[in-house]
Asks: 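Structure provided below as structure tokens; questions to follow.
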Amino acid sequence: MPVQQRCTVVEMTPINPTTYWMVLEVGNMVEELGLRAGQFLHVACGEANLLRRPISVALAYPDEPEDTAALIFEVKGEGTRWLARRQVGDTVDVLGPLGNGFAVENGGRYLLVGGGIGTPPLLGYAEAFRQNAVAVLGFRSADRVILEERYREACKEVYLCTDDGSAGRHGFVDAQVRDILEKDKNFTAILACGPRPMLKSVAAVAAEFGVPCQVSMEERMACGVGACLGCAIQIADGTMKHVCKDGPVFDAGEVDWDV
Amino acid sequence: MPVQQRCTVVEMTPINPTTYWMVLEVGNMVEELGLRAGQFLHVACGEANLLRRPISVALAYPDEPEDTAALIFEVKGEGTRWLARRQVGDTVDVLGPLGNGFAVENGGRYLLVGGGIGTPPLLGYAEAFRQNAVAVLGFRSADRVILEERYREACKEVYLCTDDGSAGRHGFVDAQVRDILEKDKNFTAILACGPRPMLKSVAAVAAEFGVPCQVSMEERMACGVGACLGCAIQIADGTMKHVCKDGPVFDAGEVDWDV
Amino acid sequence: MSKVDLSVVLAGVRLKNPIVVASGTFGFGREYGQFYDLSELGGICCKGLTLHRREGNPPPRIAETPMGILNSVGLQNPGVDAFIEYELPELRKHDLAVIANISGSTPEEYGIMCEKLSEAGVDMIEVNISCPNVKAGGLAYGTKPELAAEVTAVAKAHAGTVPVMVKLSPNVTDITEIARAVADAGADALSLINTLRGMRIDVNTRRPILKMNTGGLSGPAVLPVAVRMVWEVSCAVPGLPILGMGGVAKGEDAAQLMLAGASAVAVGTACFADPYAPVKVRDELAELAAEQGLARAADLTGGVRPW
Amino acid sequence: MSKVDLSVVLAGVRLKNPIVVASGTFGFGREYGQFYDLSELGGICCKGLTLHRREGNPPPRIAETPMGILNSVGLQNPGVDAFIEYELPELRKHDLAVIANISGSTPEEYGIMCEKLSEAGVDMIEVNISCPNVKAGGLAYGTKPELAAEVTAVAKAHAGTVPVMVKLSPNVTDITEIARAVADAGADALSLINTLRGMRIDVNTRRPILKMNTGGLSGPAVLPVAVRMVWEVSCAVPGLPILGMGGVAKGEDAAQLMLAGASAVAVGTACFADPYAPVKVRDELAELAAEQGLARAADLTGGVRPW
Ligand SMILES: Cc1cc2nc3c(=O)[nH]c(=O)nc-3n(C[C@H](O)[C@H](O)[C@H](O)COP(=O)(O)OP(=O)(O)OC[C@H]3O[C@@H](n4cnc5c(N)ncnc54)[C@H](O)[C@@H]3O)c2cc1C
Ligand SMILES: Cc1cc2nc3c(=O)[nH]c(=O)nc-3n(C[C@H](O)[C@H](O)[C@H](O)COP(=O)(O)OP(=O)(O)OC[C@H]3O[C@@H](n4cnc5c(N)ncnc54)[C@H](O)[C@@H]3O)c2cc1C
Ligand SMILES: Cc1cc2nc3c(=O)[nH]c(=O)nc-3n(C[C@H](O)[C@H](O)[C@H](O)COP(=O)(O)O)c2cc1C
Ligand SMILES: Cc1cc2nc3c(=O)[nH]c(=O)nc-3n(C[C@H](O)[C@H](O)[C@H](O)COP(=O)(O)O)c2cc1C
Ligand code: FES
Ligand code: FES
């Protein structure tokens, strides 16, 4: 059950020129309401922006005096620009917990595949599964890389790719995923988050190797809670599902990738 | 010639529960552009309010490092509420100097008549003409009284009136003005600022005694500079004048009081 | 402050307060029902129903604009039968007026839905005429007085004792013309405004943000248009009750629409920013009425004094 | 970043950049000319002129709304002769296109004004058809295709070689119908949108804030309606140049209107918040075009790729 809550900013760190690491005090959202990585918070971004902005939870911890959640976001437009100007001690108005997060089981072994600003929501899974997690992280170029160290500290193996080859392997993450699965497809599931074309390629590789794959999808939202039917995504059977309520994480097989 | 300027708030004091005394650093507006009391600044009041708010200049001083201007304003709606939340060190975006101010001559003797939030724009004249100034100040009730001490320090005589008699004389300022003029109508002019009904009554009394009278008028504004023709007031000859450009101070005889 | 009687009557239906939630912005109440008891509301206009289940338009369906949003959801809904079976019983667990909102592509479809809904026992039927008429070549019912009147008459003929409220589109030259036609055809109430048509383009991709290219504008940006149209309609068809909506986010906004002539007010887009918006609007409206010394919120209705 | 050629051509008139200021928001340029040289602008649509001096409507004339304003200035102006004598020579001291905006209450008045203005040598005439036609019983010219066409034809017949641009009202069911009628009647260009009609009520006094009760809505709130209408009109009458306007406050807004089909863009209400708005919009537009690697700003025009 989601609640509306004013959350105090307790940490605010730029992690590259356009990306921020923001930690919020979220009341008892983690302990009582089960907030976890992969879900999202719907964040009001100032009076001048009518709609809230959905931002994924990267890490969520029970804590005293309040539970905390880390959001990692990139400045794209007016809303995220407003958010980036918040300082420690400011409060932001948040709806949450929203959405489902990835479905994982204790003792599972996971291949985490993140692209760009899609890497943060997987961080919580990296830190939960540690030696049972392998991460493939893709970025446009070396200067866009975020969270590499955090992932390296947590995971068994981390593969870095960049589109232009300026860091790690030259190329897209799906090629790296293919190489990994060719050697070892013994994963409980692939958990993927990133731009839609990346998810589509990763889903295709996963299907080819018969590895279950969950993808975290994005769509433009209004309400964030399932009331407005704004955030539809097309499902393979011709129906619609909603990112905010049925997702953001979907089974890759469920999604209609051809639209 | 008006300019657009970001001004730093250097003083911010509530002077009653809904009224604030705000001092701004206004660059060289006083020394170079002649900013003075009775003119107004057009103040941008936050991203959520499209239009600027006109606020009269109560006091204007040349100063170092920057000239300063005191604005005294009452919280009415969203815009002034935003303004009231500014703190020392914040900046506000201002257009000015705008409007004309009262026409006064050195050595003149002035009867200043202010009602409510109309008292501030006359303060500069009180402090300029001091022993040559007599002030009549009207308020709704004792708890709304502002600036009484400042006026008493400056002026030869100060008459306080309240609508409900809770402080000073019981009744409207025009009755007080009449009493004064009956004894002594040797004033260069009456300078009046306040709600329109008050100005109308004061203008009538002034006309009766043959004393020149200038009134500072209010009208809803958009541009503040004379471009939009929004802030029209009806003139006795059937034409329109504009508060922002031709005013806010008009000769009382010029105004069509019957509309 | 004295206690204000908030109850109002809309086309014979008593609402315990004048605040209703707008069709399509509140689903069937399940989601926002997690935040507060739906009995706080005067009523709910349910998500627009069609005779058969519809998946709606392809995404993206939402674009933000200055103090507004564009949507092209396009009547995604489970169909009128599923509503009656699964949603209506849930809503009936709460104390609020249930207003079913319906769209058809032929007058017959409107008729069938009205029959089903009146039998199922909704409190009111809101007839959305902003949808294209397939028979008249896709022309929207809401833009032609004759078409609007035809749909209204059919709905009335099939709704039994359930009041029929017709929802007007603002995308017209003269809304009073449509209002009069619908009134003459027997409407028990009018609701307005539906969304204004708008567009937003992503200047980098050069694509419209909405997959349908254009969509419906709602939210605070449209409030002044809504107030104007409610006022015009209430002058043109005096006595016909109006559910006012369009951009309401504060008690003052609701009061404006009521003064302009609305008996009750719907809150829509404001819910997206603040799930509690309808409750806050209600409380602010009550406070405003109390400050003005009104005994009943209904005393606001039509109270504007034009110059 | 490469230098973008900002010049555009609107109905044969070369503007050194696509940013014009909107009629009624910039007077005759004197006031904002205190802030910067008017030669910074591509052009100015002057305050609406009538045949004879007019005092306009009684105050209050301005009301603020969410991200918009309502105005009921009502064509206060010194009359066309005074414009030609006192204002035009001042404007001619600067390097910008001078577009005279005219309103008449009969077709004849439009004709006389066009004659005077073409003789005086303005660069373009913008024919405002949002005003009521006294002969047709106060019906606005802009809401009936026949009336709009009539005014256009008369204006063209009297404007000599000066291009005639007709300014469309958004308060219509189908703006393409009016656009086509005006195009067929010989308009050299279209400008849109004029203001949407709206209202705001002071809930304490119960009075409309505007003395005229209703007024015209402009500012960012209307941008999505403007983009939609420019797109519709540019599809309906391809090839006819469009001056787009309505809510432009940023370079991105101007780019949206150009992509939707406008050859140039007017900035209006945004000036009230920021006198430098037109200059900023121009610079942001130039930057945006440069980032996209465009050689000419004109390459944006009509570039939207609908789904
Ligand atoms: C479930 C979900 C989780 C997300 N998690 C993150 C995250 O952890 N970190 C992060 O940086 N970003 C995340 N995003 C994307 C983020 O919501 C957008 O970048 C942000 O809304 C842009 O807002 P803006 O005002 O800066 O941009 P603008 O372009 O000015 O926004 C205008 C409107 O478009 C919407 N919008 C723009 N881009 C997107 C987008 N990609 N997805 C959805 N709506 C969009 C905005 O919400 C707003 O309503 C997530 C999106 C979704 C749907
Ligand atoms: C020349 C002039 C000088 C003024 N000087 C002062 C001053 O020194 N101190 C002071 O407290 N107030 C002064 N006012 C009034 C002040 O401008 C308004 O109280 C203020 O604009 C209200 O804004 P708001 O957002 O708080 O209220 P809202 O009611 O939310 O404002 C909505 C809109 O209405 C306009 N508006 C509302 N009330 C007035 C009004 N009385 N006059 C003009 N526009 C109005 C606002 O500017 C805004 O555009 C002056 C007004 C004028 C015209
Ligand atoms: C996402 C969304 C979906 C809507 N769906 C419907 C609908 O199904 N039927 C209908 O009559 N109106 C629908 N509307 C219009 C609203 O009911 C309302 O008339 C409009 O949004 C104006 O009110 P607001 O500004 O408070 O949102 C929808 C509006 C939105 C924003
Ligand atoms: C105060 C004001 C006065 C206006 N006067 C005129 C006018 O005289 N003639 C005209 O054609 N349009 C007039 N307009 C309409 C504008 O030119 C423009 O079409 C409209 O405001 C939309 O643009 P904007 O949102 O950028 O202001 C006026 C608008 C405003 C706000
Ligand atoms: S954003 Fe409203 S249903 Fe998902
Ligand atoms: S406010 Fe624009 S002319 Fe005075």
Asks: Testing the basics here: between D/T269 and D/S218, what is the closest heavy-atom pair and its distance to 0.1 Å?
Replies: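 The pair with the smallest heavy-atom distance is OG1-OG, 2.6 Å.
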Asks: Check for a donor-acceptor pair, side chain of D/N17 on one end and backbone N or O of D/G42 on the other, with a separation under 3.5 Å.
Replies: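 Present.
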Asks: Is any residue of residues 247-256 of chain D within less than 4.5 Å of chain C by heavy atoms, and which ones?
Replies: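 So far as heavy atoms go, D/E252, D/A255, D/Q256 are the residues that approach chain C to under 4.5 Å.
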Asks: Taking all non-hydrogen atoms of both residues, which atom of D/S130 and which atom of D/N194 are closest, and how far apart?
Replies: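 Looks like OG-ND2, 3.2 Å.
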Asks: Between CD1 of C/I178 and OG1 of C/T152, what distance do you get to the nearest 0.5 Å?
Replies: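 It comes to 10.0 Å.
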Asks: Below 4.5 Å, heavy atoms only, C-beta onward: do D/E64 and D/R200 meet side chain to side chain?
Replies: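 Of all side-chain heavy-atom pairs linking D/R200 with D/E64, at least one is under 4.5 Å.
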Asks: Using a cut-off of under 4.5 Å for heavy-atom pairs, which of D/D174, D/N204, D/V222 has the most such pairs with chain C?
Replies: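 Heavy-atom pair counts peak at D/N204.
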Asks: Taking side chain as C-beta onward, heavy atoms only, is C/L70 less than 4.5 Å from C/I209?
Replies: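 A side-chain contact is absent here, since even the closest heavy-atom pair is not under 4.5 Å.
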Asks: Is the backbone N or O of D/L243 less than 3.5 Å from a side-chain atom of D/S191, with the two atoms forming a donor-acceptor pair by type?
Replies: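 No; zero donor-acceptor contacts below 3.5 Å.
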Asks: State, with a plain yes or no, whether a side-chain heavy atom of C/T214 is found less than 4.5 Å away from one of D/W231.
Replies: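 A side-chain contact under 4.5 Å exists here.
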Asks: Picking from C/S169, C/A221, C/P208, C/P220, which has the most non-hydrogen pairs under 4.5 angstrom with chain D?
Replies: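 Highest number of heavy-atom pairs under 4.5 Å: C/P208.
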Asks: Side chains of D/N71 and D/R61: closer than 4.5 Å at any heavy-atom pair?
Replies: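 In short, these two side chains do not touch, never coming nearer than 4.5 Å.
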Asks: What option among D/Q292, D/R207, D/M67 has the most heavy-atom pairs under 4.5 Å with chain C?
Replies: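 Top option by heavy-atom pairs under 4.5 Å: D/R207.
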Asks: What part of C/A226 gets within 4.5 angstrom of chain D, counting heavy atoms only: side chain, backbone, both, or neither?
Replies: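 For C/A226, neither part sits under 4.5 Å from chain D.
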Asks: With a 4.5 Å cut-off on side-chain heavy atoms, are C/V265 and C/V20 touching?
Replies: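 Result no, sub-4.5 Å side-chain heavy-atom pair not found.
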Asks: Would you say the side chains of C/S72 and C/N57 form a donor-acceptor pair under 3.5 Å?
Replies: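 No donor-acceptor contact under 3.5 Å links the two side chains.
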Asks: Is there a donor-acceptor contact under 3.5 Å from the side chain of C/R228 to the main chain of D/R197?
Replies: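 The answer is yes, because a donor-acceptor pair under 3.5 Å joins these two groups.
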Asks: Taking non-hydrogen atoms and a cut-off under 4.5 angstrom, which of residues 298-307 of chain D neighbour chain C?
Replies: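 D/D299, D/L300, D/G303, D/V304, D/R305, D/P306, D/W307, listed by number.
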Asks: For each of C/L288, C/N213, C/V227, C/V225, tally heavy-atom pairs with chain D at distances under 4.5 Å, and name the one with the top tally.
Replies: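 Max contact count across the listed options: C/N213.
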